[in-house]
Amino acid sequence: MLFDGACKLCTGSVAFVLRHEENPALRFAPLQSPAGMRLMQEFGIDPAQMNTFVVIADGRAYVRSDAAIRVARYLRGAWKLLRLVMIVPRPIRDRAYDVVARNRYRWFGRHDACIAPTPELRKRFL
């Protein structure tokens with residue numbers, strides 16, 4: 001899961017996933033990191049595009065609302081039901097995603113620098 005490491009909403013989402021993951025399967029990298037930039041280039045995503053997050057699974061990169069839905073597969077319990085959002089047509093989902101992405105710093109704030117994971121979580125970050 002590639003995320004904007006300066007965005008408080010995005011880092012909060014990573015913390016949420018870490019708390020609610022069914023199994024510790026996901027690995028994380030800030031978009032701004034060398035690993036994040038390399039993976040974005042490898043999957044044909046412009047590394048300058050910091051207004052999305054990316055989930056790479058099964059050899060494919062998922063972005064925007066598709067990435068959010070894909071993350072729900074890894075969550076436990078009732079959180080898996082978030083996948084039902086996929087019944088909403090992608091253009092509508094992505095439009096809502098884009099509104100939040102455009103306003104995320106204003107609404108949620110930003111970190112001065114990318115967050116650093118705790119020592120016990122460091123192995124989960126690329």
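All of these numbers come straight from a predicted model, not from anything done at the bench.
- In terms of heavy-atom proximity, L26 sits nearest to R124 at O-NH2, 2.7 Å.
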| task | Before giving the answer on side chain to side chain contact (heavy atoms under 4.5 Å, CB included), spell out for F43 and V63 the whole-Å C-alpha distance, their side-chain angles and the decisive distance to 0.1 Å. | result | CA-CA 11 Å; F43 284 90; V63 296; over 6 Å; no
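- Taken from CZ in F53 to CZ in R64, the straight-line distance is 12.0 Å, to the nearest 0.5 Å.
- Cluster annotation: F108 and V99 are assigned to the same hydrophobic cluster (Ile/Leu/Val/Met/Phe/Trp/Tyr, side-chain heavy-atom contacts under 4.5 Å, transitive).
- Distance CZ/F3 to CD/Q32: 8.0 Å, rounded to 0.5 Å.
- Between D46 and M40, every side-chain heavy-atom pair lies at or beyond the 4.5 Å cut-off.
- Side-chain atoms of R76 come within 3.5 Å of backbone atoms of E21 as a donor-acceptor pair (strictly under, hydrogens ignored).
- Between L18 and F28, the shortest heavy-atom distance links the atoms CD2-CE1, 3.5 Å.
- Considering only heavy atoms from C-beta on, V71 stays 4.5 Å or farther from Y62 through its side chain.
- A single hydrophobic cluster is not seen to contain both M86 and V55; linkage of ILVMFWY side chains at heavy-atom distances under 4.5 Å, directly or through other members, places them apart.
- Atom-to-atom distance recorded for N103:CG and L9:CG is 11.0 Å, nearest 0.5 angstrom.
- In this structure, D94 contributes its side chain and S65 its backbone to a donor-acceptor pair below 3.5 Å.
- When the shell of 6.0 Å around CZ of R27 is examined, it contains more than 12 heavy atoms from other residues, nucleotides or ligands.
- Considering every non-hydrogen atom in both T11 and G5, the closest pair reads CG2-O, 3.6 Å.
- Atom CZ of R70 and atom CE of M1 lie 13.5 Å apart (nearest 0.5 Å).
- Scanning both residues, V85 and R93, for their nearest heavy atoms gives O-CD, 3.4 Å.
- Listed here is the closest heavy atom pair of G36 and A29: N-CB, 4.3 Å.
- Counting heavy atoms from C-beta on, the side chains of L2 and I45 never come closer than 4.5 Å.
- Between the NE2 atom of H111 and the OH atom of Y105 there is a distance of 10.0 Å, given to the nearest 0.5 Å.
- Atoms CG and CD1, on L39 and I56 in that order, are 4.5 Å from each other to the nearest 0.5 Å.
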